[in-house]
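Accompanying notes for the structure given below.
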Amino acid sequence: MLDLKLLQNNFDEIVEKLKKKKIKEEVLKELKRLFVVLKEQKSILETLQSEQNKKSKLFPVYLKEKKDVNELKKELETNKQKITVQQKIVNEIEEELEIYALNIPNIPDDIVPVGKDEDSNVEIKKVLEPKEFDFKPKEHWELGENLDWIDFTRGVKIAQSRFSVLKNDAAKMERALINYMLDFNAKRGFKEVCVPYIVNKESMRGTGQLPKFEDDLFKIEAEELYLIPTAEVPLTNLFRDEILKEEDLPILMSGYTACFRKEAGSAGRDTRGMIRQHQFDKVELVSIAKPEESDKIFDKMVQCASDLLTSLVLPHRLVMLCGGDLGFSAAKTIDLEVWLPGQNKYREISSISNTRDFQARRAKIRYKNNKKNKLVHTLNGSSLAVGRTLIAIMENYQQKDGTVAIPEVLKKYM
RNA sequence: GGACAGGUGGGUGAGUUGGCUGAAACCACAUCCCUGCUAAGGAUGCGUACUGGUAACGGUACCGAGGGUUCGAAUCCCUCCCUGUCCGCCA
């Protein structure tokens with residue numbers, strides 16, 4: 001959630017910055033207006049409440065002195081009715097304000113490039129050169145079917161489209177990758193955490209999935225619970241409604257979970273193969289940091305994910321997302337795109353974001369700083385999407401005879 | 001799922017015949033005093049959010065959540081959630 005006081009005081013600046021995310025000035029104006037109205041109405045309410053409290057306290061005094069209490073009572077009954085009315089007014093404004101506020105995305109950092117979609121993303125650097133093949137490299141689904149590594153049709157049979165089944169060495173490699181990634185991240189200081197795959201709506205709201213993106217989530221209707229779309233949700237919400245000690249920061253975590261996404265807006269995209277599934281494995285990095293150190297930690301996370309790809313000898317590039325491609329909660333995001341020789345393209349395999357205090361404000365994650373409570377910064381990033389890493393290995397390590405070599409660093413894990 | 005017992009500030013834990021209790025006491029923590037060091041002792045401070053004020057200092061709300069009764073609720077009533085114990089079930 002954005003800082004409403006900041007909006008109040010730096011309105012023009014924020015309007016300008018949120019233009020990168022295609023937010024209209026009118027919406028922000030309305031939000032600003034509601035915030036002022038709420039303050040006024042609340043003040044009226046509090047004056048009435050104050051009066052009620054003061055006079056109620058006269059009762060025991062009157063009774064003690066055996067004075068007549070009826071007139072006072074009548075007065076307070078009238079005042080109480082006013083309070084009830086005013087309370088309703090305040091509640092309505094609060095609800096309306098909340099709807100506006102919770103649906104406005106984070107303010108992009110100044111370095112975020114302007115642009116409406118992924119075509120305006122800016123390449124920062126390339127790591128490792130794509131390998132030259134002396135044959136035409138196949139796409140992963142062809143390899144997967146030929147080797148009996150991926151069973152697409154049975155995945156659909158037992159669940160739905162966009163579900164698949166891994167078999168043989170692919171199944172083993174999926175597991176090996178998870179273990180390898182968690183170990184790799186642990187060496188960089190990201191402590192391993194194992195969290196639930198199901199969370200409540202407070203958690204979803206805390207990290208920004210709700211209320212705006214309900215359609216993207218798998219919901220367990222009867223229970224008011226949701227399947228997580230990423231481990232970012234449980235890992236970040238671990239500290240929801242908590243005041244952390246300054247000396248405990250930064251908190252660096254790494255966790256493996258399955259992730260579940262409806263892919264509601266992706267009809268027709270990547271329908272072939274395993275790029276875009278309703279369920280996929282991912283090892284995630286989440287950090288909770290003091291504001292002044294969050295940029296440093298962001299770089300550390302990007303480096304960690306990039307080095308992980310390098311250690312698997314997978315060519316990739318770093319891309320700074322433009323405003324239009326930036327996620328709802330992010331102030332700044334760098335994507336890692338891995339080279340897929342079969343597709344002859346770089347494809348997203350990791351996305352690392354600094355949400356600044358956006359999620360912290362929603363989730364009320366604070367730390368004590370000189371007796372004052374300050375919002376932390378929260379950061380998240382994939383390290384890596386496991387299924388896509390498997391695909392990348394298949395396409396990059398494929399050989400002329402149609403088999404796939406095992407990356408050196410994975411050998412002891414398989 | 002059934003039965004019972006509970007949910008109070010960082011922790012332990014008072015307060016349930018409704019009223020100067022936003023909440024005793026103790027511990028922890030912070031600052032200061034005392035002290036050769038340690039230990040002990042003494043003083044003061046110490047919840048969160050919003051809000052008024054340059055500040056001093058005020059106001060409102062919050063005792064699991066949401067409603068209700070009342071002039072007034074941590075205290076009474078209702079609903080829900082959660083925790084503990086026993087039973088059932090189970091990886």
Side-chain angles (χ1 to χ4, degrees), chain A residues 1-9 31-98 100-102 194-206 210-211 219-226 234 237-249 251 258 288 357-376:
Chain A
M1 206 166 92
L2 60 93
D3 183 349
L4 292 177
K5 271 185 220 162
L6 196 71
L7 181 73
Q8 218 53 231
N9 300 328
L31 184 60
K32 184 181 171 186
R33 187 190 69 82
L34 281 170
F35 189 57
V36 173
V37 173
L38 177 64
K39 249 186 178 175
E40 289 165 2
Q41 295 303 312
K42 231 180 178 172
S43 166
I44 295 171
L45 173 65
E46 285 178 6
T47 310
L48 291 169
Q49 284 172 324
S50 175
E51 196 182 329
Q52 191 79 357
N53 288 343
K54 253 183 232 142
K55 293 200 172 158
S56 286
K57 283 179 182 160
L58 291 174
F59 267 80
V61 180
Y62 274 40
L63 289 171
K64 212 173 181 182
E65 293 173 1
K66 304 219 155 102
K67 278 162 91 174
D68 184 28
V69 106
N70 279 326
E71 202 167 314
L72 187 60
K73 202 167 176 173
K74 257 182 205 151
E75 214 179 302
L76 283 174
E77 273 166 15
T78 318
N79 196 50
K80 196 193 167 185
Q81 282 171 15
K82 284 189 204 163
I83 290 176
T84 310
V85 171
Q86 189 62 23
Q87 182 77 63
K88 213 177 154 194
I89 292 170
V90 168
N91 288 349
E92 278 165 13
I93 298 167
E94 258 172 357
E95 272 169 41
E96 202 181 343
L97 183 82
E98 192 181 69
Y100 271 94
L102 288 177
C194 188
V195 287
Y197 298 180
I198 294 176
V199 299
N200 55 33
K201 60 176 184 297
E202 289 75 20
S203 294
M204 286 295 186
R205 170 191 291 229
L210 290 179
K219 183 179 184 186
I220 304 167
E221 288 290 346
E223 310 281 344
E224 281 283 319
L225 293 168
Y226 298 83
N237 276 284
L238 243 24
F239 305 100
R240 174 157 50 82
D241 292 319
E242 290 195 24
I243 298 170
L244 303 165
K245 286 190 197 130
E246 185 167 7
E247 60 264 33
D248 291 340
L249 298 177
I251 298 169
I288 312 286
D357 62 11
F358 185 82
Q359 293 179 327
R361 184 170 294 106
R362 288 175 160 246
K364 296 194 180 68
I365 308 174
R366 293 154 293 174
Y367 75 103
K368 254 208 190 340
N369 173 266
N370 297 327
K371 294 193 174 176
K372 293 270 283 182
N373 294 326
K374 284 184 70 176
L375 294 170
V376 299

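Numbered from 1 within each chain, the chains take letters A, B, ... in sequence-line order. Note that the structure is a prediction, hence the values are computed from the model and not measured.
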Please report the distance separating the P of B:U60 from the corresponding atom of B:A73, rounded so that it comes out in whole Å. 13 Å
Winner on side-chain proximity to A:P60, out of B:A61, B:U48, B:G19, is B:G19
Interatomic distance at P, B:A25 relative to B:U79, whole Å: 37 Å
Answer for the Watson-Crick or wobble partner of B:A65, both distances under 3.5 Å, is B:U79
pair_partner(B:A49), Watson-Crick or wobble, both distances < 3.5 Å, evaluates to B:U60
- [ ] Indicate yes or no: does A:K374 engage A:E246 in a salt bridge with an N to O separation below 4.0 Å.
- [x] no
Rounded to whole Å, the CG-P distance (A:L48 to B:G72) equals 13 Å
Q. Under 4.0 Å between a side-chain N/O of A:N53 and OP1 or OP2 of B:C20, yes or no?
A. no
The residue, A:N373 or A:L58, whose nearest nucleotide of RNA chain B is more 5′ is A:L58
Looking only at B:A61, B:C71, B:U48, the nucleotide nearest the A:K368 side chain is B:U48
Of the candidates B:U51, B:C71, B:U48, the side chain of A:F35 sits closest to B:U51
message: Just to be sure I understand the rule, does A:K39 reach a base, reach only the sugar-phosphate, or reach nothing, if contact means heavy atoms closer than 4.0 Å?
response: sugar-phosphate
Review point. Is A:R362 reaching over with its side chain to a backbone N or O of A:L2, donor-acceptor style, under 3.5 angstrom?
Key: no
With a 4.0 Å limit, can you tell me whether A:N79 has a side-chain N or O closer than that to the phosphate oxygens OP1/OP2 of B:C71? no
The nucleotide from B:U60, B:C71, B:U48 with an atom nearest the side chain of A:I243 is B:U48
message: Categorize A:E75 for me: base, sugar-phosphate, or nothing, with a 4.0 angstrom heavy-atom threshold over every strand shown.
response: nothing
A:R205 atom CZ is separated from B:A65 atom P, nearest whole Å, by 16 Å
Next item on the list: Using only heavy-atom distances, determine whether the side chains of A:N53 and A:S50 contain a donor-acceptor pair under 3.5 Å.
Entry: no
* Asked: Hey, does A:K54 reach any base, or is it just sugar-phosphate, or nothing, if we go heavy atoms under 4.0 Å?
  -> nothing
Item to complete: Indicate, with a heavy-atom threshold strictly under 4.0 Å, whether A:K42 touches base, sugar-phosphate, or nothing.
Response: sugar-phosphate
Against the side chain of A:L63, the closest entry in B:U60, B:G19, B:C71 is B:G19
Between NZ of A:K80 and C1' of B:G68 the distance, given in whole Å, is 10 Å
When rounded to whole Å, the CD to C1' distance for the pair A:Q81 and B:G72 reads 16 Å
Re B:G1: Watson-Crick or G-U wobble partner, both distances kept under 3.5 Å, found to be B:C87
The residue, A:R366 or A:S50, whose nearest nucleotide of RNA chain B is more 5′ is A:R366
Notebook entry, point to check: Looking at A:E242 and A:R366, does any basic side-chain N land under 4.0 Å from a carboxylate oxygen?
Noted result: no
Worksheet item: Does A:K5 make a side-chain N or O approach to OP1 or OP2 of B:U51 shorter than 4.0 Å?
Response: yes
In terms of side-chain geometry, is the basic nitrogen of A:K73 or A:E77 positioned less than 4.0 Å from the acidic oxygen of its partner? no
Side-chain N,O (A:K57) to OP1/OP2 (B:U21) below 4.0 Å:
no
Does A:K245 reach a base, just sugar-phosphate, or nothing at all? Heavy atoms under 4.0 Å.
nothing
If pairing means Watson-Crick or G-U wobble with both distances under 3.5 Å, then the partner of B:U44 is B:A30
*Salt bridge check: are A:E202 and A:R240 linked by an N-O gap of less than 4.0 Å?*
no
A:L244 atom CG is separated from B:U48 atom C1', nearest whole Å, by 15 Å
